[in-house]
Amino acid sequence: MSKALPTRSENYSEWYNELVKRADLAENSPVRGCMVIKPYGYSIWEKMQRALDDMFKETGHTNAYFPLFIPKSYLSKEASHVEGFAKECAVVTHYRLKNDPNGKGVVVDPEAKLEEELIVRPTSETVIWSTYKNWIQSYRDLPLLINQWANVVRWEMRTRLFLRTAEFLWQEGHTAHATAQEAVAETKQMLEVYAQFAEEWMAVPVIKGVKTPNERFAGAEDTYCIEAMMQDGKALQAGTSHFLGQNFANAFDVKFQDKEGKLDYVWGTSWGVSTRLMGALIMAHSDDAGLVLPPKLAPIQVVIVPIYRNDEQLAQISEKVAEITKDLKKLGISVKYDSSDNAKPGFKFAEYELKGVPVRLAMGGRDLENGTVEVARRDTKTKETVSVEGIAAYVQNLLNDIQESIYKKALQFREENTYKVDSFEEFNNILDTKGGFILAHWDGTSETEEKIKEETKATIRCIPLNQEAEEGVCIYSGKPSKGRVVFARAY
RNA sequence: CGGGGAGUGGCGCAGUCCGGUAGCGCAUCUGGUUUGGGACCAGAGGGUCGCAGGUUCGAAUCCUGUCUCCCCGACCA
C-alpha cells in the first residue's frame, strides 16, 4: 500500500475513489457497477440502519419484506413509472443452465425460457401496491405504514462506489392513507426524519425542499428531498420522500370503503435512503489524510495505541489500558486496543486516521510515569496530554464535541459556498469558478430549467421549504418569479 | 453508446517496439533487532502473463478473434 492519498484539490474524484478503497469501505466486484461492501464500511452502514430503523419504528412503521422479482407486466401499470425505470432494468428471462454441449462451462438452457420475464426490482412500488390491493378494504385498514430494507438494481451506465452502483442497499417506506392530507403529512414527516438523521447522526447539514416536476420521482405527484453540499461544491441528494397521490392505487386498483360506505382510491407515499448516504458521509467531512467519521456513526470511536520498549513495559501499559477501556465501555463508547506488534505506532496512527477513528489515545513509558495519556482528535488533528484520572468522561465530552464541531464546519462550508445570484452571467461565472449552491430566481417553467441544465449542467436541486417570498425576475428568461430556488451541479 | 486507458504472484507496476522460457516495490511467512508519527537485517513461499486460435524450433512479446475492468461524457438515488 502506498502512503499518501491523492489530495482533494489535486483530483477530487480520484481522492474519493482511493479513499473508499484504502479505508476498507468497499471495493469493485467482478461485475461491472457492483460493489463489495467490506466489513468496516458495512459497520458504518449498520449504524445508519440502526438509527434510521429506530426512527421509523418511533413514527409508527413496521418492517416487512417483498420479493426481489417483479413480473414485467407490473412495471407498465403506472405509465410514468415505467417511463422512468424501463431503461435501467435487469431482466430475468431463463431459469436454468446446462453444460455447454460444444465445450467447457455452462450455457443458458434455451428450453428454460420464462413465460413472462421477471424484472429485478429497481424499486418496489409495483409489487407492494399489487399486494396492498389484498390488504386494504376498509378505512380501518388504514393507514398502512410499512418499510423494507432491501437491495435494488438499476442498470446505470456509469457507476461510482456508493454514489451510484448498479446494485445498492436501501430502505424504502411505502404507506397507504385514507386522505390526501394524511399522505402529504406522512411524506413531510419522513422528510423531517431524514433531515434529522442527516444532521444529528451524519453531521451533514441539509436543505429540505421540493423537486421541480422535471426532477420528480417517476410516478409521484410531489417529491420532497434533502440536499447536501459536498466539499467540491457539488450537491448530493441524500434522501427523498414522495407523495404518490392515488397514482399507484389507480394502477393496481387499491380501493377502500370509508365511514360513509363510499369507495375511493387509497393515497400513497414512498420514501427512501440508500448506501449513497455513505458517499455523502465520506465527502462531507473527510480530508487529505483520510476519513473523518462522526462519532455517532464510527464503528470504532476510540483507538488506543501502546508505545513500548519491551514486553514488560507493554504488560504495564496493557494493564492501565484495560482500566481505561472498562471505563469507556461503561459509558457506551466503542474502543479498540491495538497492541499488535507488526506495525510501529507511527504506522498505526496513520492507519487509524485513514479510517477516520474520531479519537486516538496513545500511552507510552512517559505516560506511565506521569499518569497521563496522549489524546488526539481526528477532525482537527490536534493532540494533548491528559491525566488518566477521569479520562473516560473527558473522552465522552470530546466525542460530543467532535460530533458537533464537524457539523458546524460542514454548515459553515455550505454557507460560504452559497451565493445569491441575479444574473445569468454571474450564475455561469460562479459555477465555473467556485461551484456551490446558487440561490436564484426561476420562472417556474420546465423549458427554462432544461435550457439552464443544457447550458450549464446545473439543475434545480429543490425549491426550499423555507423559501422566502421575494419578488424578482428569472435569471434566464427575465420573467417574474416569487422566490429563489437552489441551483447546483449535482452527483 | 461515443472518447481514452488497462488486463503479468494478494496489491501496485516493469518487461511487449527488437520473440529465447518472467522481474521489481509493497504485502505475506520464519528468525532477530526495533517501537513517542508510515522501522531494519537475513532468509522463504507465491505467477497456465484475461481467454481462444494462429505464426515459429521457441510467444508475456508477433498476427487474428474475443471477453472484462477502469476513467471522461450523455441517463439516474
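Given the structure is predicted, the values throughout are model-derived calculations rather than measurements.
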Q. Can we say A:E167 and A:R154 salt-bridge, meaning some charged N sits less than 4.0 Å from an Asp/Glu carboxylate O?
A. no

Q.
Just the rounded figure in Å: distance from P of B:rU35 to CG of A:L368.
A. 15 Å

Q: Would you kindly give the CZ-to-C1' distance between A:R164 and B:rG73, to the nearest whole Å?
A: 13 Å

Q.
Would you measure the distance from the P atom in B:rG4 across to the matching atom in B:rG50 and give it in whole Å?
A. 22 Å

(Q) Taking the ring centre of each residue, are A:Y407 and A:W201 less than 6.0 Å apart? (A) no

Q. Starting at the 5' end of RNA chain B, which residue's closest nucleotide do you reach first, A:R366 or A:F168?
A. A:R366

Q. With both distances under 3.5 angstrom, what nucleotide forms a Watson-Crick or G-U wobble pair with B:rG37?
A. none

Q: Provide, to the nearest angstrom, the distance between the CD atom belonging to A:E88 and the C1' atom belonging to B:rC75.
A: 7 Å

Q. Within the pair A:K383 and B:rG36, is there a side-chain N or O less than 4.0 Å away from OP1 or OP2?
A. no

(Q) Nearest whole Å is fine: how far is B:rC26 C1' from A:K21 NZ? (A) 17 Å

Q: Could you check how far OH of A:Y308 sits from C1' of B:rU35, rounded to whole Å?
A: 7 Å

Q) Given the C1' atoms of B:rA27 and B:rG12, what is the spacing between them in whole Å? A) 11 Å

Q) For the side chain of A:N17, counting heavy atoms from C-beta on, which of B:rG36, B:rC76, B:rC71 is nearest? A) B:rC71

Q: Figure out the CD/C1' separation between A:Q237 and B:rC76, and round it to whole Å.
A: 10 Å

Q: Please determine, for B:rU30, whether a Watson-Crick or G-U wobble partner exists with both distances under 3.5 Å, and give it or none.
A: B:rA42

**Q.** Whole-Å distance separating the CZ atom of A:R309 from the P atom of B:rU35
**A.** 5 Å

Q.
As a test of reading the structure: which of B:rC76, B:rG37, B:rC71 is closest to the side chain of A:R360, going by heavy atoms?
A. B:rG37

Q: Please work out if A:L236 contacts a base, only the sugar-phosphate, or nothing of the nucleic acid, heavy-atom cut-off 4.0 Å.
A: nothing

Q: Provide the distance between the two C1' atoms, one in B:rU48 and one in B:rA59, to the nearest whole Å.
A: 14 Å

Q) Which is true for A:E14 with a 4.0 Å heavy-atom rule: it touches a base, it touches only sugar-phosphate, or it touches nothing? A) nothing

Q.
My understanding is that a pair needs two contacts under 3.5 Å, Watson-Crick or G-U wobble. By that rule, which nucleotide pairs with B:rC11?
A. B:rG25

Q. Between A:F424 and A:F427, does the ring centre distance come in under 6.0 Å?
A. yes

(Q) Taking the P atom in each of B:rU28 and B:rG10, what is the distance between them to the nearest angstrom? (A) 15 Å

Q: Taking only the side-chain heavy atoms of A:R32 (C-beta and beyond), determine which of B:rC69, B:rC76, B:rG38 contains the nearest atom.
A: B:rC69

Q | Assigned partner base of B:rC49, Watson-Crick or wobble definition, under 3.5 Å | A | none

Q.
Any N or O donor-acceptor pair under 3.5 Å from the base of B:rG38 to the side chain of A:E353?
A. no

Q. Which whole number of Å gives the distance between the P atom of B:rG53 and that of B:rC70?
A. 27 Å

(Q) Measuring only the P atom in each nucleotide, how far is B:rC26 from B:rU33? A whole number of Å is fine. (A) 22 Å

Q.
Quick check on B:rC70: is either OP1 or OP2 less than 4.0 Å from any side-chain nitrogen or oxygen of A:N28?
A. yes

(Q) Looking at B:rC76, which nucleotide sits across from it as a Watson-Crick or G-U wobble partner, both distances under 3.5 angstrom, or is there none? (A) none

Q. Hey, does A:S29 reach any base, or is it just sugar-phosphate, or nothing, if we go heavy atoms under 4.0 Å?
A. nothing

Q: Would you indicate what A:E156 reaches in the nucleic acid, counting non-hydrogen atoms under 4.0 angstrom: base, sugar-phosphate, or nothing?
A: base

Q. Mind checking whether A:F437 and A:F487 have ring centres under 6.0 Å apart?
A. no

Q. What closest approach, in Å, do A:M55 and A:T59 show between heavy atoms, and which atom pair accounts for it?
A. O-OG1, 2.8 Å

Q | Candidates B:rA39, B:rG36, B:rU28 - which lies nearest the side chain of A:F347 | A | B:rA39

Q. For B:rA6, which nucleotide in any strand shown is its Watson-Crick or wobble partner with both distances under 3.5 Å?
A. B:rU68

Q. Where the side chain of A:A350 is defined as all heavy atoms beyond and including C-beta, which of B:rA74, B:rG37, B:rG36 is the nearest nucleotide?
A. B:rG37

Q: Quickly work out the A:D311 CG to B:rG32 P distance and round it to whole Å.
A: 12 Å

Q) Which part of the nucleic acid, if any, lies within reach of A:T240 when heavy atoms closer than 4.0 Å are counted: base, sugar-phosphate only, or nothing? A) nothing

**Q.** First encountered from the 5' end of RNA chain B, between A:T275 and A:V31
**A.** A:V31

(Q) Starting the side chain at C-beta, find the nucleotide from B:rC76, B:rA39, B:rC71 nearest to A:R154. (A) B:rC76

Q: Indicate, with a heavy-atom threshold strictly under 4.0 Å, whether A:G365 touches base, sugar-phosphate, or nothing.
A: base

**Q.** Pairwise P distance, B:rU61 and B:rA22 [rounded to whole Å]
**A.** 14 Å

Q: Answer with base, sugar-phosphate or nothing: what part of the nucleic acid does A:S13 contact at a heavy-atom distance below 4.0 Å?
A: sugar-phosphate

Q: Report the residue from A:E447, A:E455, A:E449 that forms a side chain to side chain donor-acceptor pair (under 3.5 Å) with A:Y476.
A: A:E455

Q.
Between B:rG19 and B:rC62, how far apart are the two P atoms, rounded to whole Å?
A. 9 Å

**Q.** Residues A:R461 and A:E227 bridged, charged N to O under 4.0 Å
**A.** yes

Q) What are the two closest non-hydrogen atoms of A:A289 and A:D287, and how far apart are they? A) N-OD1, 2.8 Å

